[in-house]
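Read through the structure below, which is laid out as structure tokens, and then see the notes.
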Amino acid sequence: MIENIRVIAFDADDTLFINEPYFDEAEEKFCALMSDYLSKQSLAQALFKTQISNLPLYGYGIKGYVLSMVQTAYEVSNHTVSTKVMEKIIEIGKELLAKPIVLLDGIEDTLQQLHGKYKLVVATKGDLKDQHRKLHLSGLGAYFHHIEVMVEKEELDYEKLLKRLEIEPENFLMIGNSLKSDVLPVLNIGGTAVHVPFHTTWAHERIDHEIVHNNFYSVEKTSEILTLLNL
Ligand SMILES: [Mg+2]
């Protein structure tokens with residue numbers, strides 16, 4: 001059982017609502033657009049490599065993803081790619097920014113039960129405007145004290161968040177689908193973390209070892225945290 005928690009932070013993408021399947025779909029479209037130049041697998045690899053090398057410049061989110069698609073298109077085509085293709089790449093990005101918000105199972109009921117008992121926040125990476133848009137359209141905004149759009153989700157970023165929230169790590173619980181971003185750094189600073197896996201995870205968010213820790217929990221559905229919190 002988890003005790004002494006005052007603030008519960010939820011990751012947004014693939015924790016509150018679906019996200020990664022939309023990026024997978026966008027990648028498919030990009031690969032189809034560029035199929036004259038390379039195989040699907042090589043294009044996906046090239047795009048991933050560009051994305052990762054651009055992360056320190058652009059951060060996470062759709063806008064950076066579009067710029068990485070543009071750069072990859074120039075590079076794999078040896079600068080011969082048409083402006084028509086460029087236009088379509090921009091279009092893929094705009095489509096991503098207009099995707100419907102699909103809540104994951106049981107999220108709203110769980111938030112309803114936690115609301116008023118804990119301070120609830122959203123802790124997410126990504127583009128500021130897009131994350132605010134998604135939270136607004138999700139209809140979940142009223143359950144949360146605020147949304148924290150973080151540049152990174154590393155130990156230092158969580159420490160800053162706790163400082164602003166004026167709480168100690170032992171009073172903080174993080175819930176999310178990424179072991180790398182939502183679980184490990186939180187455990188490392190003395191907080192508690194619950195992993196709720198999503199069926200698909202971006203390669204950059206995967207880790208290749210198991211986590212064994214007293215403050216680590218893994219559940220199949222978010223609603224199971226209610227039992228962990230003895231509600
Ligand atoms: Mg996530």
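As the structure lists them, so they are numbered: ligands from 1, and atoms in each ligand from 1. When a residue number appears, it is its place in the shown sequence, counting from 1. Bear in mind the structure is a predicted one, so any value in this text is a computation, not a measurement.
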Please name the atom of D11, restricted to N, O or S, that is closest to the Mg ion (ligand 1).
OD2
Please work out which of the three classes, parallel, tilted or perpendicular, describes the rings of H204 and Y60, given edges at 30° and 60°.
tilted
Main-chain N/O of N177 paired with H195 side-chain donor or acceptor, under 3.5 Å:
yes
H146, NE2 atom: more than 12 neighbouring heavy atoms under 6.0 Å
yes
Closest D13 atom to the Mg ion (ligand 1) [N, O or S only]
O
May I ask you to say whether E25 pairs ionically with K99, meaning some side-chain N is under 4.0 Å from a carboxylate O?
yes
Would one find an N, O or S atom of N177, in either backbone or side chain, under 2.8 Å from the Mg ion (ligand 1)?
yes
